[in-house]
Amino acid sequence: MSELSRTTCDAAGKACGCSESAFVPGAVPVAEGTTVTYRIANMDCPSEEGLIRRRLHGMDGILDLRFNLMGRSLDVVHDLRSVQPITEALHGIGMKAVVVDESAPAPVVAEEAALSPLQKVGLGVAGLCAVAAEVLAWQGAAESSPPVIALSLISILTAGIPTLRKGWVALKTFTLNINFLMCLAVVGAVLIGQWPEAAMVIFLFAIAELIEALSLDRARGTVHGLLRLAPDEANVRDAQGQWQVIEADRINVGAIVLVKPGERIAVDGEVVEGESSVNQAPITGESMPVRKKPGDAVYAGTINEHGLLEVRVTTQRRNSTLAKIVCVIEETQQNQAPTQRFVDTFAKYYTPAVVVAALLVAILPPLLWHQPVHEWLYKALVMLVIACPCALVISTPVTVVSGLTAAAKRGILIKGGQFLEAGYKIKAIALDKTGTLTQGRPAVVAVAPVSTHSRDEVLNIAASLDANSDHPLARAVVAAVTPGTQLQRVQGFEAVAGRGVRGVIDGLQYYLGNQRLMTEHGVNFDAVRDDLAEQEAVGRTAVMLANDNGLMGIIAIADVLRDSAIPAVERLKALGVTPVMLTGDNLATAQQIGYQVGIDQIHADLLPEQKLGAVEVLESKYGVVGMIGDGINDAPALARAKVGFAMGAAGSDTAIETADVALMDDDLRKLPVFVSLSRQTRRILVQNIVLALGIKVVFFALALSGLATLWMAVFADVGASLLVVFNGLRLLRFDQAAATNKRV
């Protein structure tokens with residue numbers, strides 16, 4: 001496999017529990033710094049990130065901060081002797097920060113959005129009082145009358161204390177976030193006598209915060225829902241041979257687990273007893289169950305269709321293939337996609353600029369043109385409420401995580417948002433031949449009996465001879481026999497180097513091999529020379545079976561196409577992506593394979609460095625190029641391509657850790673699915689940016705014209721956040737069939 005990735009699962013372990021190491025608070029750090037991971041239950045949006053960044057940035061001993069909003073986690077790289085100052089600083093700004101114990105399995109993110117019964121009652125009282133205050137004002141009561149003020153104060157105190165507390169922390173740390181802006185708007189409304197407006201704003205904001213947190217919890221849950229596919233318990237054989245139900249986290253490598261029909265498999269392992277079909281869709285995205293027999297690998301989270309299976313555990317649950325998929329998705333959230341980097345940079349300058357603009361709106365008209373102070377101060381407050389960039393900032397990570405999760409559910413493991421987003425630009429994909437377009441192992445593709453001999457007779461005798469050999473071609477011949485067929489006993493077996501094999505069956509000498517072996521034993525094969533030449537012309541290896549009475553037949557062996565190769569190439573072309581073959585095999589064989597799958601551009605007889613050069617040429621012609629391969633010889637070309645794809649990553653640590661995109665099974669049809677998903681992700685990212693900015697521009701205009709109220713501004717701000725979140729979540733329902741059949 002290639003050394004492609006900018007991220008590995010070992011690094012991801014700090015965030016998601018894949019690492020075997022544990023952080024020990026108070027330990028003396030290494031020279032380059034120690035990383036401590038915090039799980040912060042109330043870190044929901046960019047405003048909390050900004051607050052934390054403002055508080056920790058510049059603290060002695062803090063080297064780097066890495067945020068994962070979707071996972072509610074924070075990595076702090078430091079060179080302190082204890083993490084106590086970091087923990088105290090986080091608690092000081094109201095963050096519920098807990099150090100993650102990396103020796104334990106990663107916990108599911110806490111659901112902070114849930115309200116206690118008392119909080120629900122308080123929110124209900126706040127809503128009733130805010131509405132009552134507005135009704136009294138509409139019926140003619142003065143907005144500063146005692147009943148209106150009393151109702152408004154009750155609403156503000158029952159619903160707004162958390163917001164007011166966060167606003168005070170933001171003020172102390174000089175952080176311009178939504179809580180500070182909201183508090184400023186409420187205080188400003190009170191100062192100008194708009195008590196009902198202040199109450200309605202704080203109540204609506206509390207409701208909106210709750211809805212936003214719930215929607216983000218749904219986005220987070222899509223990732224952790226993958227991990228819940230594996231059961232928490234399993235039947236394990238004890239020392240006395242009895243089956244005991246044990247927690248999956250406590251099952252050790254080497255233990256024997258019993259999986260009953262219909263049960264999900266709890267751990268990765270190898271079948272040691274029994275046969276069954278297993279639904280591997282949660283891991284590989286395969287639509288059809290896969291037959292499993294002793295010696296075959298099975299994965300946590302997959303479903304045993306029928307039959308009892310006894311499975312020897314090969315890895316602990318926290319290091320299972322399923323756990324690594326979740327681990328990779330969580331880690332890749334820290335590798336920002338280009339759009340997310342742009343949005344974060346934009347928001348860094350946008351918020352201060354809008355605050356300055358609001359101040360100018362409040363000051364300049366009354367000062368320069370003697371406009372009413374009350375009117376323009378109110379307009380400035382509306383602008384402050386709508387100024388928060390939360391919708392803009394949260395839109396990209398929600399969309400990217402939804403795309404990554406949708407891909408993982410279909411057996412495509414993408415190692416970062418940058419690769420998911422880069423896929424929409426791909427104009428050409430270079431495909432390795434052996435092991436990628438083809439299965440990478442020889443198989444019998446034709447049997448041509450001679451004279452009165454039958455196909456079954458030729459294949460049975462050939463397999464009986466080859467059963468004594470471990471040559472790849474011999475294994476292909478044996479594998480071609482119908483399962484359960486009784487092979488014949490061979491005496492005097494001998495492997496003839498470079499020629500084939502020979503042996504005696506029922507007293508008759510048989511020969512199986514190439515033309516040299518036949519010539520040496522005086523077998524006449526003139527009648528099939530044309531057939532032999534034809535087989536070799538299309539890249540097949542032809543072996544002949546003969547006995548002392550003459551030639552019995554020809555067996556053609558070749559590296560056969562994957563079933564998914566032809567439809568994958570067709571769909572890539574339909575998407576406007578040009579497939580190109582790069583192979584180290586000879587030109588004749590490459591052209592034959594290319595003809596079968598529909599690839600016109602073929603580059604054969606390539607060394608690894610020449611494959612790299614071919615990718616560079618393709619880049620100069622097409623721009624963004626992808627590359628898919630399965631071997632070490634593909635590494636330079638894979639590293640050079642904008643997006644490198646690895647074949648068959650299920651159960652392979654190397655593939656999962658090194659590929660930009662890993663196809664969890666060997667289905668090439670996942671390539672066009674990836675391209676389609678990337679394009680859909682790009683469309684939604686653009687839609688979200690336009691929505692977030694467009695809504696703000698409209699309400700800025702309404703605010704300046706005096707048509708927008710404070711509570712309308714709250715609706716607009718949080719409404720924009722909810723719109724982009726739910727728009728991003730649409731990727732979870734990505735229709736791969738419709739997308740890959742549609743030219744984009």
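Quick caveat, the model's predicted, so the values are computed rather than measured.
Judged by distance alone, the side chain of Arg679 and the main-chain N or O of Leu575 form a donor-acceptor pair under 3.5 Å. Of the possible donor and acceptor atoms, one in the side chain of Asp296 sits under 3.5 Å from a partner among the backbone N and O of Lys293. Between the side chain of Thr302 and the backbone N or O of Gln280, no donor-acceptor pair lies under 3.5 Å. Side-chain atoms of Glu263 come within 3.5 Å of backbone N or O of Lys260 as a donor-acceptor pair. In this structure, the side chain of Ser320 engages the main chain of Arg317 through a donor-acceptor pair within 3.5 Å. The main-chain N or O of Phe674 is never found under 3.5 Å from a side-chain atom of Ser678 such that the two would form a donor-acceptor pair. A distance-only check finds no donor-acceptor pair linking the side chain of Arg455 to the backbone of Ala448 [under 3.5 Å].
Between His471 atom NE2 and Arg475 atom CZ the span is 8.5 Å, to the nearest 0.5 Å. We find the CZ-OG distance between Phe734 and Ser402 to be 13.0 Å, quoted to the nearest 0.5 Å. A distance of 9.5 Å separates OG1 of Thr405 from CG of Leu731, quoted to the nearest 0.5 Å. Taken to the nearest 0.5 Å, the CE atom of Met627 stands 5.0 Å off from the CG atom of Leu638. Between Lys427 atom NZ and Leu618 atom CG the span is 15.0 Å, to the nearest 0.5 Å. To the nearest 0.5 Å, the span separating CE on Met664 from CG on Leu322 amounts to 9.0 Å.
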Evaluation steps, side-chain contact (heavy atoms from CB on, under 4.5 Å), between Asp456 and Leu459: CA-CA 5 Å; Asp456 290 341; Leu459 199 53; 5.7 Å; no
His603 and Val580: CA distance, side-chain angles, deciding distance, side-chain contact (heavy atoms from CB on, under 4.5 Å) verdict: CA-CA 8 Å; His603 303 272; Val580 181; 3.6 Å; yes
Working for side-chain contact (heavy atoms from CB on, under 4.5 Å), residues Asp232 and Glu247: CA-CA 6 Å; Asp232 295 326; Glu247 292 180 6; over 6 Å; no
Chi angles and distances behind the side-chain contact (heavy atoms from CB on, under 4.5 Å) call for Leu309, Val278: CA-CA 10 Å; Leu309 290 178; Val278 174; 4.0 Å; yes
Side chain to side chain donor-acceptor pair (under 3.5 Å) assessment of Asp268 paired with Thr315: CA-CA 6 Å; Asp268 284 7; Thr315 183; 5.8 Å; no
Step-by-step side chain to side chain donor-acceptor pair (under 3.5 Å) determination, Gln687 to Arg682: CA-CA 9 Å; Gln687 290 170 7; Arg682 175 67 177 180; over 6 Å; no
Step-by-step side chain to side chain donor-acceptor pair (under 3.5 Å) determination, Asn688 to Thr399: CA-CA 9 Å; Asn688 281 347; Thr399 303; 3.0 Å; yes
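If you run side chain to side chain donor-acceptor pair (under 3.5 Å) between Thr438 and each of Asp559, Thr589, Asp432, only Asp559 comes through.
Heavy-atom contacts from other residues, nucleotides or ligands closer than 6.0 Å to CD of Glu616 number more than 12. By the neighbour-count criterion of 12 heavy atoms within 6.0 Å, atom CG of Asp605 is densely surrounded, having more than that number from other residues, nucleotides or ligands. Within 6.0 Å of the CZ atom in Arg291, the count of heavy atoms belonging to other residues, nucleotides or ligands exceeds 12.
Lys670 is listed as a side-chain neighbour of Asp665, based on a closest heavy-atom distance under 4.5 Å. By the 4.5 Å heavy-atom criterion applied to side chains, Leu308 and Pro261 are counted as neighbours. Within the 4.5 Å cutoff, no side-chain heavy atoms of Val577 are placed close to those of Arg571. Side-chain contact between Phe645 and Val643 is present, with at least one heavy-atom pair separated by less than 4.5 Å. Within the 4.5 Å cutoff, side-chain heavy atoms of Ile251 are placed close to those of Val257. Residues Val569 and Ile599 are in side-chain contact: their nearest non-hydrogen atoms beyond the backbone lie under 4.5 Å apart. Here the side chains of Asn304 and Arg264 are not in contact, with every heavy-atom distance at 4.5 Å or above. Side-chain contact between Thr681 and Tyr424 is absent, with no heavy atoms from C-beta onward closer than 4.5 Å.
Residues Ala422 and Val624 come closest through the heavy atom pair O-CG1, 4.2 Å. Shortest non-hydrogen contact noted between Leu668 and Thr436 is CD1-O, 3.3 Å. Residues Ala476 and Ile557 come closest through the heavy atom pair CB-CG2, 4.2 Å. Between Pro579 and Leu431, the closest heavy-atom pair is CB-CD1, 3.9 Å. Contact detail for Ile265 and Pro231: the closest heavy-atom pair is O-CD, 3.6 Å. Across all their heavy atoms, Leu437 and Ala565 have their closest contact at O-CB, 3.8 Å.
Under 4.0 Å is where a charged nitrogen must lie from a carboxylate oxygen, and between Asp666 and Arg562 at least one such pair does. Taking a cutoff of 4.0 Å between a charged side-chain nitrogen and a carboxylate oxygen, Lys292 and Glu275 do not qualify as a salt bridge. A salt bridge is absent between Glu534 and Arg540; no separation between the charged side-chain nitrogens and carboxylate oxygens falls under 4.0 Å. Salt-bridge annotation for Arg410 and Asp667: absent, with no side-chain N of the basic residue lying under 4.0 Å from a carboxylate O of the acidic one. A salt bridge is absent between Asp660 and Lys642; no separation between the charged side-chain nitrogens and carboxylate oxygens falls under 4.0 Å.
By the side-chain contact (heavy atoms from CB on, under 4.5 Å) test, Glu536 pairs with Gln515, sequence neighbours left out.
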